[in-house]
Amino acid sequence: MTDIASLKSELTSMVEAANNLQSLEQARVTALGKKGRITDLMKTLGGMDPEERKTTGQALNALKDEIAALIAKQESALRKQEMAGRLATETIDVTLSPQQQRKGHIHPISQTMDELVTIFADMGFEVVEGPDIEDEYHDFTALNFPIGHPAREEHDTFYLPDDPDEKGEEARKLLRTHTSAVQIHTMKKRKPPLKVMYMGRCYRADSDMTHTPMFHQFEILLVDKKSHMGHLKGCLMDFVRAFFEIDDLPVRFRPSFFPFVEPGAEMDIGCSRKGGGLKIGAGDDWLEILGCGMVHPNVLKNCGIDPDEYQGFAAGMGVDRLAMLKYGIPDLRTFFESDTRWLSHYGFDPLERPNAATGS
Ligand code: PHE
């Protein structure tokens, strides 16, 4: 019996001394394992007389239970301790200054689109949408490109493989070559007056420093009973001056041809190319910035709008080109290379507001 009492105190202090889960497991093996101390004593029971065997057996079983309970208690204490340690070391301080945490950047194209939306929303235009995959009818025919017209070829269109279920030439699917296709969707869905803007990806088979097969356009469309070219000019003048943040930015309009407008024009802004660099603002040179015009009566008719009652204007521009000009990015192809070093150089802080209206 003394043996058992001293074994108990020895095993108890061994379990209590275990200060991690590993040494506790070792203590368990030493006490209760197949070749453990208690098991060893159990093996001696066979050589005892029945009375002694009974009392010693009971005492050993009680010891076994006590030690097992003690180990369980110690284990839960150690687990708690370990968790507390991990919580202390692996904690994230959510109050850390955002300056130290900030990694992501807004892509210059997203930034530029935000700025365009901010400026035109201030003038009362509302955002609408259209699909990237169009058909010939929406991208060309309804926009007054006659079938077989060379302007269709000039768009370097990506056509989708023929779908045997779609009948007729106008149903041929393609990747939209310009956002103007959204004019058709909007005018067919909604009644005038309309004052909308839309933007997104466009596709043409073209690639060099200033062209990529996928690029972005932004367009506005206004349809009402009395808007004229003067309104269009005023609206676009306000826009470029707000966008480039130059109050006296010179502009000029040159007659130009787009099948879906009449008259059609291109707008240039003043710039200087002295010394090889390009500087936007007053200078002796001009830079083309967008296409525009009064919506062609045929386009209104194609959308079920009476051209004797309604008229309007549209203007479309390349978002990527605007971003390159405003932020001095020389090669368009770098926009789409997903290089994070490029993005952290040219990208924008996500917590800043678009600088359009704020001038920051
Ligand atoms: N869709 C024309 C283009 O891609 C731009 C444009 C839009 C011109 C609206 C006039 C009016 O070049």
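In each ligand, atom 1 is the first atom listed, and ligand 1 is the first ligand listed.
- Salt bridge Glu126/Lys195: absent, no basic N to carboxylate O contact under 4.0 Å.
- Counting only non-hydrogen atoms, the option in Phe257, Phe313, Phe260 that gets closest to atom 2 (C) of ligand 1 is Phe260.
- Proximity to Gln217 (heavy-atom distance under 4.0 Å) selects the following atoms of ligand 1: 3 (C), 4 (O).
- Tested against Phe120, the residues Phe218, Phe243, Tyr198 include a single ring pair (Phe, Tyr, Trp, His ring centres under 6.0 Å) partner, Phe218.
- Here is the list of ligand 1 atoms found below 4.0 Å of a heavy atom in Ala315: 7 (C), 9 (C).
- No salt bridge links Arg176 with Asp139; every basic N to acidic carboxylate O contact stays at or beyond 4.0 Å.
- Between His107 and Trp342, the gap from one ring centroid to the other is short of 6.0 Å.
- Every atom of ligand 1 with a heavy atom of Gly291 under 4.0 Å away is listed here by number and element: 6 (C), 8 (C), 10 (C), 11 (C).
- Residue-ligand proximity, Phe258 to ligand 1, at heavy-atom distances under 4.0 Å covers atoms 8 (C), 10 (C), 12 (O).
- Residue contacts with ligand 1 do not include Met294, since none of its heavy atoms lies under 4.0 Å from the ligand.
- The aromatic ring centres of Phe260 and His178 sit less than 6.0 Å apart.
- In this structure, Phe140 CZ and Thr177 OG1 are separated by 4.0 Å, a value rounded to the nearest 0.5 Å.
- The protein heavy atom nearest to atom 7 (C) of ligand 1 is Gly316 N, 3.3 Å.
- Heavy-atom contacts of Ser180 reach the following atoms of ligand 1: 1 (N), 7 (C) (cutoff under 4.0 Å).
- A salt bridge is defined here as a Lys NZ or Arg NE, NH1 or NH2 lying under 4.0 Å from an Asp or Glu carboxylate O, and Arg79 with Glu75 meets this definition.
- Annotation for ligand 1: atoms under 4.0 Å from non-hydrogen atoms of Glu219 are 7 (C), 9 (C).
- Close approach to Arg204 involves these atoms of ligand 1, each under 4.0 Å from a residue heavy atom: 4 (O).
- When Pro259, Ala181, Cys292 are checked for heavy-atom proximity to atom 10 (C) of ligand 1, Cys292 turns out nearest.
- A salt bridge does not link Lys54 to Glu51: none of the charged side-chain nitrogens sits closer than 4.0 Å to a carboxylate oxygen.
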